[in-house]
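Following: one structure in structure tokens, then a few remarks.
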Protein chains: 2
Amino acid sequence: MTDNDTNSTPERKRGSGVKVVYDLLRDEILDLVLPPGSPIDEVQLAERFKMSRTPIREALVRLAGEGLIDTLPNRSTMVSNIDFFNMHTFFDALVLMYRVTTRLAAQYHRAEDLQVIRARQAEFAAAVAAQDALGMIATNAAFHSAIAEAGRNAYFTGLFNRLLDEGRRILRLYYQSYEDRLPQRFVDEHEDIIAVIAARDAEAADRLATIHAEQIVQQIQKLFARGGKLDIAL
Amino acid sequence: MTDNDTNSTPERKRGSGVKVVYDLLRDEILDLVLPPGSPIDEVQLAERFKMSRTPIREALVRLAGEGLIDTLPNRSTMVSNIDFFNMHTFFDALVLMYRVTTRLAAQYHRAEDLQVIRARQAEFAAAVAAQDALGMIATNAAFHSAIAEAGRNAYFTGLFNRLLDEGRRILRLYYQSYEDRLPQRFVDEHEDIIAVIAARDAEAADRLATIHAEQIVQQIQKLFARGGKLDIAL
DNA sequence: TGCATATTATTTGTCGACAAAAATTATGCA
DNA sequence: TGCATAATTTTTGTCGACAAATAATATGCA
């Protein structure tokens with residue numbers, strides 16, 4: 001099965017290889033196309049992407065740095081597991097980042113930020129209307145990520161985006177069982193959040209974000225039963 | 001100065017190369033041995049560590065993932081700059097993480113955690129007594145990192161350790177000018193923090209951590225003048 | 001001399017190959 | 001047959017080399 005068939009230029013732009021592999025693997029992991037525990041084979045990926053193992057390995061190192069894959073020293077690499085036992089730490093962090101980023105957005109956003117946020121909200125509403133579960137997950141994350149960007153704190157957006165990624169995996173699990181559910185309320189809450197951000201009301205933003213975040217956390221917790229939440233008043 | 005002296009086996013354990021390079025470069029960056037803007041030359045590092053460019057590059061990819069170095073696509077790599085213009089985002093994140101990690105430590109710590117924390121505090125006190133500026137910076141970070149570990153939230157400890165790293169660079173700048181200063185108060189405040197953690201008083205832990213964090217922030221801000229702070233009540 | 005273009009040099013990204021570790025299978029002995 | 005040891009296979013970590021991309025330098029022309 002020699003593959004030097006008719007292609008004249010097997011050329012892809014230099015340096016683009018890692019990004020292609022990284023982006024695709026990342027999406028496949030977050031969408032559970034590669035479920036937790038899936039083995040990652042360098043040689044196999046090299047064949048699949050028609051490149052040597054070097055750029056593949058660089059992409060894997062990056063993914064490992066973000067905790068999306070786990071690498072055993074001299075042995076196998078696999079998609080990292082979802083830590084159900086410590087799920088509460090995820091919820092604690094998610095709620096706090098929802099609050100902080102929304103609050104900072106109310107304080108520091110500029111006019112153009114609101115346009116982006118409203119565009120994301122429109123996409124989310126469209127996904128909800130279309131009953132597109134995967135689309136809802138992705139656009140919801142994009143919506144809140146846009147809010148975080150308006151807050152202009154790279155440390156918070158960094159952690160938050162990571163949490164949203166992990167949430168994408170968890171929600172993917174969730175929506176596999178429930179399919180489509182409780183969406184319209186989220187759309188309405190998003191509108192309220194946009195309003196208080198536009199009004200630069202940091203306290204209200206904090207309050208609404210808290211409610212919004214705990215709402216979604218509770219929905220997920222119904223599935224992965226477990227008690228207690230971060231007792232932090234702000 | 002050829003150094004293939006008497007050693008028969010120039011062999012270093014397989015897979016250990018990246019860690020050596022990563023750890024050393026990381027320390028040199030955080031201690032400002034490699035100041036922001038320093039060029040990173042792969043070939044030069046390969047010669048220095050007597051290995052090929054492959055493990056060097058992997059170490060660099062990791063460092064880039066943590067934001068410690070910046071990589072221009074097809075061109076040079078250099079130690080990332082300290083973003084003085086957005087220093088307030090650093091302070092906001094640092095204060096919040098001080099609070100959250102200390103609060104969680106009060107809630108979730110175990111007996112053995114306190115032993116570790118007290119050991120770190122002893123090391124910090126020793127560094128203060130010895131007027132060892134570099135030691136103070138490192139042991140102070142280790143002390144708070146140990147508290148964060150006791151809080152058992154990997155998301156928070158991840159961001160916090162990153163902030164402590166960045167703080168190590170900034171403090172290194174700070175202590176270069178002021179040398180030794182205001183240390184005993186920090187030692188005392190540490191003791192108070194340990195006490196409220198041991199008493200499992202989350203509210204007090206939050207309060208003391210806030211004061212402690214803002215204390216250090218204000219000291220640094222005196223140098224890098226700039227107003228405003230995260231207006232978040234908790 | 002001043003500037004645009006061409007040549008050279010430097011550095012990065014990618015490749016194929018080899019060796020070390022671990023896993024897997026085979027072999028030998030009781 | 002059962003188990004310890006040895007051979008084989010598989011997969012990872014490392015290496016040296018080459019080519020593309022950029023920077024630095026040289027060349028030619030007005």
Side-chain angles (χ1 to χ4, degrees), chain A residues 1-5 7-26 29 34 37-80, chain B residues 2-4 7-26 29 34 37-80:
Chain A
M1 197 183 290
T2 63
D3 53 339
N4 54 353
D5 32 17
N7 59 348
S8 53
T9 51
E11 310 169 10
R12 114 195 72 88
K13 246 177 285 174
R14 179 188 163 91
S16 68
V18 277
K19 180 170 171 49
V20 171
V21 178
Y22 170 84
D23 285 341
L24 203 102
L25 277 185
R26 184 171 173 280
I29 292 172
L34 293 176
S38 300
I40 305 284
D41 184 359
E42 296 177 1
V43 179
Q44 191 175 315
L45 288 171
E47 294 173 0
R48 176 179 171 194
F49 289 99
K50 299 219 182 344
M51 57 181 76
S52 93
R53 279 173 49 221
T54 307
I56 303 286
R57 278 177 68 87
E58 179 170 336
L60 295 185
V61 170
R62 289 196 198 173
L63 290 170
E66 298 177 25
L68 291 180
I69 63 177
D70 289 331
T71 303
L72 279 293
N74 259 313
R75 213 86 279 268
S76 69
T77 300
M78 49 182 252
V79 177
S80 65
Chain B
T2 64
D3 53 335
N4 53 354
N7 59 349
S8 53
T9 51
E11 311 166 8
R12 113 197 71 88
K13 248 176 286 175
R14 180 186 161 90
S16 68
V18 276
K19 179 169 171 50
V20 171
V21 178
Y22 169 84
D23 286 341
L24 203 103
L25 277 184
R26 184 171 173 279
I29 292 172
L34 293 176
S38 302
I40 305 284
D41 184 359
E42 297 177 0
V43 179
Q44 192 174 316
L45 288 172
E47 292 173 1
R48 176 177 171 195
F49 289 99
K50 303 225 179 339
M51 58 181 78
S52 94
R53 279 174 51 223
T54 308
I56 304 285
R57 279 177 67 86
E58 178 170 336
L60 295 184
V61 169
R62 290 195 198 172
L63 290 170
E66 298 177 27
L68 291 180
I69 62 176
D70 289 332
T71 302
L72 279 293
N74 260 313
R75 214 85 277 272
S76 68
T77 300
M78 49 183 250
V79 177
S80 64

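Proteins come first, then strands; the chains are lettered A, B, ... in the order of their sequence lines, and each starts at number 1. Only heavy atoms go into these numbers, but all of them, side chains included; no hydrogens, no water, no symmetry mates.
Counting all heavy atoms, side chain and backbone alike, Ala59(B) lies closest to Val21(B) at CB-CG1, 3.8 Å. Contact detail for Arg53(A) and Ala46(A): the closest heavy-atom pair is CG-CB, 4.1 Å. The heavy-atom pair separating Thr71(B) from Ala64(B) by the smallest distance is OG1-CB, 4.2 Å.
With hydrogens and angles ignored, a donor-acceptor pair closer than 3.5 Å exists between the side chain of Arg53(A) and the base of dG13(D).
With sequence neighbours excluded, no residue forms a side chain to side chain donor-acceptor pair (under 3.5 Å) with Gln44(A). The side chain to side chain donor-acceptor pair (under 3.5 Å) search around Asn74(A) returns Arg14(B), not counting sequence neighbours. In this structure Asp23(A) satisfies the side chain to side chain contact (heavy atoms under 4.5 Å, CB included) test together with Lys19(A), sequence neighbours excluded.
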Restricting to nitrogen or oxygen on both sides, can you table the protein-nucleotides 8-11 of chain C pairs closer than 3.5 Å?
{"unit_1": "dT11(C)", "atom_1": "O4'", "unit_2": "Arg75(B)", "atom_2": "NH2", "d": "3.4"}

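Following rounding to the nearest Å, Lys50(A) (NZ) and dC15(C) (C1') show an atom-to-atom distance of 16 Å. Remark: P of dT14(C) and NZ of Lys13(A) are 13 Å apart, rounded to the nearest angstrom. Put simply, CD on Glu42(A) is 14 Å from P on dC15(C), counting in whole angstrom units. In this entry the distance linking CE of Met78(A) with P of dT12(D) reads 14 Å, nearest Å.
Side-chain atoms of Ser80(A) come within 3.5 Å of backbone atoms of Gly67(A) as a donor-acceptor pair (strictly under, hydrogens ignored).
Heavy-atom distances to DNA chain C give each of Ser52(A) and Ile40(B) a nearest nucleotide, and the one nearer the 5′ end belongs to Ile40(B).
The CG atom of Leu63(B) sits 8.5 Å away from the CZ atom of Arg26(B) when rounded to the nearest 0.5 Å. Annotation: the span from Thr77(A) atom OG1 to Asp70(A) atom CG amounts to 9.0 Å, rounded to 0.5 Å.
Looking at residues 56-69 of chain A, you'll see Arg57(A) sit with a heavy atom under 4.0 Å from some atom of DNA chain D. Within residues 16-26 of chain A, the residues that have a heavy atom under 4.0 Å from DNA chain C are, in order of number, Ser16(A), Gly17(A).
Note on Arg62(A) versus Glu58(A): salt bridge recorded, some NZ/NE/NH1/NH2 to OD/OE distance being below 4.0 Å.
Looking at heavy atoms from C-beta onward, Leu60(B) lies in side-chain contact with Leu25(B) at the 4.5 angstrom threshold.
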